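Structure first, commentary second.
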Amino acid sequence: MNDVKLIFERSCEGKGLGLLPALDVPEAALPDGFGRKTAPRLPELSETEISRHYKTLVKRTYGVNDGFYPLGSCTMKYNPRINEEMAALPQFTQIHPLQPERTAQGCLEVLWRAEQLLCEITGMDNMTFQPAAGAHGEFTGILLVKAYHKSRGDEKRTKIIVPDSAHGTNPATAAMAGFTVVSIPSGEDGCVDLEKLRAAAGEDTAGLMLTNPNTLGLFEKDILEITKIVHDAGGLVYYDGANLNAVMGVARPGDMGFDVVHLNLHKTFSTPHGGGGPGSGPVGCKAFLTPFLPSPRVIKNEDGSFRFERDLPQSAGAVKEFYGNFLVDVRALAYILTLGKEGIPEAAKNAVLAANYLMKKLSEHYDMASGRCMHEFVITLERLKKEKGVSAMDVAKALLDHGIHPPTMYFPLIVHEALMVEPTETEPKETLDEVAGVFASIWEEAQKNPAALHEMPLHTPVRRLDEVGAARNPKIRYEFE
C-alpha cells in the first residue's frame with residue numbers, strides 16, 4: 001500500500017463518473033479537420049478512486065505549509081491566504097482577454113495600479129506584465145537593451161557582461177538574445193571585481209546583467225561605481241530582480257543606476273510557484289526605454305478610465321499572448337496593498353535579520369562562504385568533504401529525515417560543496433533555533449559516523465534517486481503496453 005501507482009495504473013476499463021448535466025442545447029459538431037482521429041486514452045476511475053489518488057499525492061508533497069523550506073535564491077515564503085481569495089474573485093477569474101476594454105476596467109486598473117506601485121518600489125518609470133516568469137523577464141529586459149542600441153544605429157555593441165556569481169539563466173538569456181557573453185570573475189570579497197569590469201567594458205559593450213544582492217547574499221558595495229563604469233562605456237545596466245526581497249522598500253535599483261529590471265512576482269511578492277508555475281516576471285525600465293516595451297500597455301485616461309495603448313512602433317515585440325499571467329499580478333497587488341509602505345521594508349529587514357541570525361548559529365559548526373549577509377547565505381562543506389567524506393548532498397539528504405526541505409545545493413558554482421540557505425522573513429525565531437539544532441546534530445553525526453550520512457534519507461517514501469538520469473531522460477508521458 002506504500003507504493004503510489006500512477007493514475008493510469010489504477011485505471012480499469014468501464015469505470016467512470018458523471019459530472020456534467022444532460023445537454024440542453026443543440027449539439028454542435030466541430031468543423032472538419034479539428035476533431036481527433038482517435039479518442040484520447042484517458043484513465044477510467046470512480047470519483048472515490050480519483051479523490052483517493054490525489055489525496056495520496058498531497059500527502060507525498062512537501063511545501064511551505066508543511067515545514068521549513070530554505071531554498072536559497074528562491075524565496076519560498078508563506079503566501080497569505082488573502083492573496084488567494086482576491087485572485088479567486090469571479091470578477092477576475094471569469095473575465096475574457098478579448099472582451100471590450102470598457103467591460104474589463106477593474107482588470108485594467110489592477111495592472112495600472114500594480115505598475116505604479118512596483119515602479120515606485122524599483123525606481124523605474126514604466127513596466128510590462130507580459131513575461132510569464134523570471135527567465136522570461138530577463139529575456140524581455142535584454143530585448144529592450146538590444147532594441148535601444150539598434151534604434152541609435154549602434155549595432156557594434158554585441159557583448160553582454162555577466163559576473164561569474166550570476167544566476168545561470170543570465171548568460172543563457174544574453175546568448176538567446178544574440179549577444180556574446182563576457183564572464184568576469186568575482187573579487188576575493190565575493191563582489192564584482194572593478195578592475196576586471198573596467199577591462200571588459202568598451203565600445204562593444206551592450207550592457208551588464210547583475211543581481212544585487214548577488215548569489216552569495218552580498219550587497220554590491222561598489223554598485224554606483226559599477227553602473228557608472230558601464231554607462232561611461234555606453235552600455236546599459238540590467239537588474240536581475242530575483243533577490244529584490246532583501247532590499248525592497250529600502251534601496252531601489254533605479255537609484256543604483258540600473259536602466260531595466262525584471263521582478264519575480266511569484267517570489268518576492270508572494271505567489272506560490274512550485275512545480276514550474278504559475279509565475280510572472282514583469283519588466284520595468286527608465287523612461288528612455290519605454291518606447292521599446294512590449295505592446296499593449298495600460299494607460300489611464302484623463303477621465304479616470306483605462307485603455308490599452310497598442311501603437312508602439314518601436315516595441316521590441318510581444319513576448320506572451322495577451323497581457324501575461326494576470327492572476328499572479330492580482331496576488332502581488334494584494335500583497336503590496338496589505339503590507340503598505342511600512343510593511344514592505346519591514347519584510348525586507350526581517351529577511352536579512354533571519355538570514356544573519358541563522359548564519360551565526362550555523363557558523364558554530366559549518367564554514368561560511370562569506371561574512372555578514374543580506375537575505376541568504378552560502379555554506380561551504382569543502383572542508384567536511386575532505387576530512388570526513390561528507391558532501392553537501394549528504395547533508396541535504398540528512399535534512400529530509402528531519403522533515404526539513406534541503407537548501408539549494410551546489411549553487412553558486414563559484415563555491416565548492418555549496419548549500420545556499422534562505423530562511424525568508426516569515427519564519428519565527430523558534431523555528432530558526434530548531435533548524436540550527438538539526439544542522440548541529442547532522443554535523444555531530446558526520447564527525448562520529450560519516451558513513452551513516454551516505455545512506456540517508458532513511459525514513460522518506462523514496463531514498464536516493466538518480467537525479468541526473470531523471471533530469472536528462474525525463475519520462476513525461478505514460479507508456480501504454
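Predicted model, so just to flag it, every value in this text is computed and none were measured.
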Counting only heavy atoms not in E203, do more than 12 sit closer than 6.0 Å to its CD atom? no
Please check if the number of heavy atoms outside K341 that lie under 6.0 Å from its NZ is greater than 12. no
When rounded to the nearest 0.5 angstrom, what distance separates CG in L339 from CD1 in I344? 4.5 Å
If I take atom CG from residue D329 and atom NE2 from residue H266, how far apart are they, to the nearest 0.5 angstrom? 11.5 Å
Could you tell me whether [X] and [Y] make a salt bridge, using a distance below 4.0 angstrom between a side-chain N and a carboxylate O?
{"X": "E425", "Y": "K77", "value": "yes"}
{"X": "R472", "Y": "D466", "value": "no"}
{"X": "K150", "Y": "E155", "value": "no"}
{"X": "K156", "Y": "D154", "value": "yes"}

Compare all side-chain heavy atoms of [X] with those of [Y] and state whether any distance is below 4.5 angstrom.
{"X": "W443", "Y": "L362", "result": "no"}
{"X": "M209", "Y": "T173", "result": "yes"}
{"X": "D222", "Y": "C191", "result": "no"}

Would you mind listing every salt bridge (Lys or Arg N to Asp or Glu O under 4.0 Å) that reaches into residues 384-393, with sequence neighbours excluded? E382-K386, R383-E387, K385-E417
Test side chain to side chain donor-acceptor pair (under 3.5 Å) applied to H375 and N356, T424, N243, the passing residue: N243
Could you check whether any side-chain N or O of T227 sits under 3.5 Å from a backbone N or O of M256, counting only pairs where one atom can act as donor and the other as acceptor? yes
